[in-house]
Amino acid sequence: MTADVQSLAKRRGFIWQSAEIYGAMAGFYDYGAMGAILKRRWEDAWLKYFMGLNENYYLIDPANIMPEAALKASGHVDSFTDPLVECSKCHTAVRADQLIEEATEQPAEDLSLEQIDARIAELGLACQKCKAPFQKARTFNMMFQVDVGPTGQDKAYLRPETAQGAYLNFKRHFEIMRRKLPLGLIVIGKAYRNEIAPRQGVYRMRELIQAELQIFMDPETFATELNLTEMDGKEINVQLVDMRGREDFKPIHCKELIEKHCLPDFYVWHMLKIQEFYLKVIRIPKEKFRFYEKSEKERAFYNKVHFDIEVNLATLGGFREVAGLHYRGDYDLTRHEKGSGEKMEVSLDGKRVMPHVLELSFGVDRNVWTLLDIHLTEERTGVLKLPPVLAPYAFAVFPLMKKDELVPVAESIATMLRRDYQVCCDQSGSIGKRYARMDEIGTPFCITVDFDGLADGTVTIRDTDTAGQKRVKVSDLQDIARSLMAGTGAFGDLQ
RNA sequence: GCAGGUGUGAUCUAGUUGGUUAGGAUUAAAGCCUUCCAAGCUUUCAGCCCGGGUUCGAAUCCCGGCACCUGCACCA
């Protein structure tokens, strides 16, 4: 199964390793002709859905390179760096701070490299595996450093997450957008992490794409801005910490999550929205979707509440993280207020508020992979059952055979549909082969011009999910196309 | 980063006690045929991960690198 998705991803132009012809570098991927557009469609669907949650949510596009000071304030310069010590014999690398903490039961996070070496010597620590002494401690920073300017004196980094760009822009947007909360800033863009050993395909990349919505809000009033009644009677797939090892997840009522499990109401409302996005827009089967609660130990200290969004992926062997919902409190703005000296507190109706952040963070590459993993089936041949809004081609138009009577009609239909949609028009080989090709890249509808239809101005339209066909009038095609693509009409409802 | 395994056209693969022009299937392209689901026939394009070494001769053996897979470690 894994091989199938991977091989199809390559063969049909979705995604593969970057710089292949030079032997490639781990952790970097290129999107091809089908993949790039599929990714764009996912991003568009995501943007439409989440920007639509509130009229005060906006798409912004901050720079990828950030000055050191900003990442110092965010904590990345210090915390995104691990001090490592390596065994001189078996080369097992361990986190130096954790090693010392275990031995002394005292925090060792702030020790310098020299102090670490001194402490290790003092405590007589050696490799736990082979008892050989450690080499000197060194730091490993997961951020890519760049030298800016001709002398390279301005230290900077490729951003390790898109979120920071939103935080840096908060104050200005609050002014521009007329001082209202909640304010949502959306970033869809690249982030960079120098992973030690990236593996598992697009699941861990060194250059990745994030789609994030940072909601700046007043925790005391935020819930009043939301239509909380939407949660009435609704259940959310959740695996709480104490359910681990026993069950993958359990549908739990929103009300219960709020009252019994003490989650903020606004948090649960957003869980519901995210679940709706995955189940309705992306069409993930309900039993393959869950929220995964992070334990206090697992989550970052500034996250007051943290669930990952996980999808059960056959290619990755189970439930895997594709997004996260983090209630970060006022950590980020407070840090940047301290770091920059710029006041982040805002004044609302005479009340001074340091906005809190609710972060919706999605890994785009993982989500695109999820589309392939979930929607690729092996029914007839490979069939990618994409929701129509995500498909690279919305329609394909074929003459039943390469005959002079049929070809021009097919071409004119294709031209007509191309005004609004991406359309593939193909006349080569057998009709079955052309259908199969469209099945593999997830084109939802194939329109075929045949001899019967020439006489009465009709064509057949084929639904990729079922391979079922209907005969429709050419003159109705535009209306049919619109309703199929907008989701206002289903294929099964066609006469 | 460590240990083990693997690397052959676009994809999947045959071929390694060293020995002819590295074989097949699928895909792709062109054509013939064909009145609806990868049909058939003909033709064409295209490959030994990269670099070095041993040898009369290397896809095959050795060394180095890169990548992938599994386990360990790492994943603020």
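Below, all heavy atoms of this structure are taken into account, side chains as well, without hydrogens, waters or symmetry copies. Here is how names work: the chains are called A, B, and so on, in the same order as the sequence lines, proteins then strands, and each is numbered from 1.
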>> Tell me the interatomic distance from A:Met205, atom CE, to B:rC68, atom C1', rounded to whole angstroms.
In response: 16 Å

>> Expressed as a whole number of angstroms, how long is the span from A:Asn141:CG to B:rC74:C1'?
In response: 14 Å

> Where each residue is assigned the nucleotide of RNA chain B containing its nearest heavy atom, which of A:His76 and A:Ala26 is assigned the position nearer the 5′ end?
Replying inline: A:Ala26

>> Does the structure show a Watson-Crick or G-U wobble partner for B:rA39, both distances under 3.5 Å? Name it, or say none.
In response: none

> To the nearest 0.5 Å, how far apart are CD1 in A:Ile413 and CZ in A:Phe398?
Replying inline: 12.5 Å

> Between B:rA22 and B:rU60, how far is it from one C1' atom to the other, in whole Å?
Replying inline: 12 Å

> Is A:Tyr203 touching bases, backbone alone, or none of the nucleic acid, heavy atoms closer than 4.0 Å?
Replying inline: nothing

> Can you tell me how far C1' of B:rG1 sits from CZ of A:Arg206, to the nearest Å?
Replying inline: 11 Å

> Does A:Arg437 have any side-chain hydrogen bond (donor to acceptor under 3.5 Å, both in side chains) partners at least two apart in sequence or in another chain, and if so, which?
Replying inline: A:Asp426

> Paired with B:rA10 by Watson-Crick or G-U wobble geometry, both distances under 3.5 Å: which nucleotide is it?
Replying inline: B:rU26

>> Nearest whole Å is fine: how far is B:rU26 P from A:Leu8 CG?
In response: 18 Å

> Looking at SG of A:Cys425 and OH of A:Tyr393, how far apart are the two atoms once the value is rounded to the nearest 0.5 Å?
Replying inline: 10.5 Å

> Is the NZ or CZ atom of A:Arg320 positioned over A:Tyr203's six-membered ring, under 6.0 angstrom from the centre and within 45° of the axis?
Replying inline: yes

> Looking at A:Asp30 and A:Ser18, what are the two nearest heavy atoms and their distance?
Replying inline: OD1-OG, 2.9 Å

> Expressed in whole Å, how much space separates the C1' atoms belonging to B:rG47 and B:rG9?
Replying inline: 4 Å

> Is it true that a side-chain atom of A:Arg193 and a backbone atom of A:Met142 form a donor plus acceptor pair closer than 3.5 Å?
Replying inline: no

> Has A:Gln17 got a side-chain N or O lying under 4.0 Å from the OP1 or OP2 atom of B:rC68?
Replying inline: yes

> What is the distance from CD of A:Glu20 to P of B:rG47, rounded to the nearest Å?
Replying inline: 15 Å

>> Need the pair for B:rU70. Rule: Watson-Crick or G-U wobble, both distances under 3.5 Å, any strand; none if unpaired.
In response: B:rA3

> Under 4.0 angstrom, heavy atoms only, what part of the nucleic acid is A:Ala197 near: base, sugar-phosphate, or nothing?
Replying inline: base

> So does A:Lys10 get a side-chain nitrogen or oxygen closer than 4.0 Å to the phosphate oxygens (OP1/OP2) of B:rU11?
Replying inline: yes

>> Measuring only the P atom in each nucleotide, how far is B:rC66 from B:rG51? A whole number of Å is fine.
In response: 15 Å

>> With salt bridge (Lys or Arg N to Asp or Glu O under 4.0 Å) as the test, pick out the partner of A:Asp308 among A:Arg290, A:Arg366, A:Arg299, A:Lys294.
In response: A:Lys294

>> Distance check, P atoms only: B:rC36 and B:rU44, in whole angstrom units.
In response: 31 Å

> Looking only at atom P, what distance separates B:rC12 and B:rG7, rounded to whole Å?
Replying inline: 13 Å

>> Expressed as a whole number of angstroms, how long is the span from A:Trp16:CH2 to B:rC68:C1'?
In response: 18 Å

> How close or far is atom P of B:rC72 from atom CZ of A:Arg199, stated in whole angstroms?
Replying inline: 10 Å

> Touch check for A:Gln200, heavy atoms < 4.0 angstrom, all strands: base, sugar-phosphate only, or nothing?
Replying inline: sugar-phosphate

> Is A:Arg244 reaching over with its side chain to a backbone N or O of A:Glu293, donor-acceptor style, under 3.5 angstrom?
Replying inline: yes

> Between B:rG1 atom P and A:Arg204 atom CZ, what is the distance in whole Å?
Replying inline: 14 Å

> Which base sits across from B:rU54 as a Watson-Crick or G-U pair, both distances under 3.5 Å?
Replying inline: none

>> With rounding to the closest Å, how many angstrom separate the P atoms on B:rU17 and B:rC33?
In response: 49 Å

> Counting distance only, does the side-chain N/O of A:Asn367 pair as donor-acceptor with the main-chain N or O of A:Val322 below 3.5 Å?
Replying inline: yes

> When rounded to the nearest Å, what value does the distance between C1' atoms of B:rG23 and B:rA29 take?
Replying inline: 22 Å

>> At under 4.0 Å between heavy atoms, how does the protein contact nucleotides 28-38 of chain B? Give one character per nucleotide, 5' to 3', with B, S or -.
In response: SS-S--BBBBB

> Does B:rG47 have a Watson-Crick or wobble partner in any strand here, with both distances under 3.5 angstrom, and which is it?
Replying inline: none

> Expressed in whole Å, how much space separates the C1' atoms belonging to B:rU35 and B:rA28?
Replying inline: 26 Å

